[in-house]
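Quantities reported herein were computed from a predicted structural model and do not represent experimental measurements.
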Amino acid sequence: MTAVSTTTFDERALEALPGSADSSQLRRRAFEEFRSMPVPSQETEEWRYTDLSAFELDFTPHVAGRPAVTLDDVPDEILAAAGNVRERAGLLIQHDSTTAIAHLDPALERAGVLLESIDAALADHRGLVEPHLHSLVPTDRTKFTALHAAFRTGGTFLHVPRDTAIELPIQTLTYLDADGAAMFPHTLLVVEPGSEVTFIDRYVSPHLHRAFSDAITEIYVGDGAHVRYVSIQEWGSGMTHLGIQRATVGRDATLRTLNIGFGASLARAEAETVLAEPGGFSEMLGVFFADEDQHFDHRSIQDHVAPSCTSDLLYKGALRDQSRAVYSGWVHVRPDAQKTNAMQTSRNIVLSEHAKADAIPNLEIEANDVRCGHAASVGPVDEDAIFYLTSRGIPRAEAERLIVSGFFQEVLDRVKIDEVREGAEEAIQDELDQERSP
């Protein structure tokens, strides 16, 4: 397949980026990769279910957002999208292509914690950033990762020094309200050995005619560290979202991730965890609800490189109207990864006859002393359960609501951040409240 035609992501747009001279070598290399690489093809297994052959990259490459000195300067609709900002140890807001504000608890600053845009971190702490930036997700992974590296501005860099425990969550809000724009969210978390942090990545926009999000998250979990990472995708309709989240877990370290997806017209989210050292633990949770003609493509990798590691994945989704969803997961146990314990589970509930879901689990086991399993299901609401509830006087619509809410509860019960769990429960109820299409 030939490269997609474009008139907006060209050399002129590249040179017009703010601060591009500081990172011109990376941008230039990635730009050349972008121009030479083809659009990912449905002929490959990785992109089999998402067709971007007609996707035109004619978006505005950079739209300046509104900077703020304090939170009082942040527009109300953006601040509201950030949630309970008083319960945050740190908050970074990116508005369109601009880092609007970055604030960190002064006590954490004194302890050596860093929270700032990637551009600022490259200027101030290049030695901490450069060894990690695009190391887990190389620029030449796909045409879109190359585009991301060439045109990214802003982003989030969090560095937690050794043996530092952060009690309250740290959050980035990425907010886009410029129709026809592209943005390139990038989150880089470097958590040193023995540290502990919870990080929330939230993506929000109003409904737009057409926009594009090309996102990357890279997470480094040091030996003995404990990290919780939550991604909440609440883009409005009209958005095409391509996201890659990749993490590496050190010796006796723990990474718990939660990916929530309710928004965008088309969303393709890849979540990958590399258990690189013995004793590592990974929990990967996912929740999504698709309606109208939304298209969701979720892919996961549990990559067991080292021995004596555990990974547990549980994704649950609901679909209605004419929506489409696919989950494809891969557990890879490498030859040296003896004593692996890995489980992969995907459950989908279909609420209309025109919605369609696929669940495709995969195991590749190259060691002989392991415990691995997978489970996948796609099906409608259990009519026996509906009959049981309606026979006790509960209207069918309410019975279905109760069953769907209970279906998600297995995942939500594992979410220990009250605000995130309650927000997901509310979003699911909002979806169920909407009138179904005929």
Summary of side chain to side chain donor-acceptor pair (under 3.5 Å) pairs that have at least one residue in residues 89-111, sequence neighbours excluded: H95-D177
For residues Y203 and S231, report the shortest heavy-atom separation together with the two atoms involved. CE1-OG, 3.6 Å
What is the minimum heavy-atom distance between H374 and P361, and which atoms define it? ND1-CG, 3.5 Å
Do E46 and R48 sit within salt-bridge range, that is, some charged N less than 4.0 Å from a carboxylate O? no
Is there a donor-acceptor contact under 3.5 Å linking the side chains of T139 and H134? no
With sequence neighbours left out, the residues meeting salt bridge (charged side-chain N to carboxylate O under 4.0 Å, His left out) with D291 are R320
Electrostatic pair R162:E192 at N-O distance under 4.0 angstrom: no
Atom of V137, atom of R141 and distance for their closest heavy-atom approach: CG1-CD, 4.2 Å
Any chance the rings of H148 and H186 have centres within less than 6.0 Å? yes
Can you find a side-chain donor-acceptor pair between D321 and S352 that sits under 3.5 Å? no
How close do Q245 and Y229 get, counting heavy atoms only, and between which atoms? OE1-CE2, 3.3 Å
Validate the cation-pi geometry between R268 and W47: distance from NZ or CZ to the six-membered ring centre under 6.0 Å, angle to the ring axis within 45°. yes
Are F262 and F288 an aromatic pair, judged by ring center distance below 6.0 Å? no
In sequence, state the C-alpha distance, the side-chain angles, and the governing distance for H304 and R334, and then conclude on side chain to side chain contact (heavy atoms under 4.5 Å, CB included). CA-CA 6 Å; H304 285 258; R334 297 180 185 266; over 6 Å; no
Determine, stepwise, if the pair F55 / F212 fulfils ring-ring contact (aromatic ring centres under 6.0 Å, His included). CA-CA 10 Å; F55 183 60; F212 178 43; 5.3 Å; yes
Cationic N near anionic O, under 4.0 Å, E234 to R202: yes
Quiz item: cation-pi between K143 and F34, 6.0 Å / 45°: yes
Under 4.0 Å between a side-chain nitrogen and a carboxylate oxygen: does that hold for D58 and R210? yes
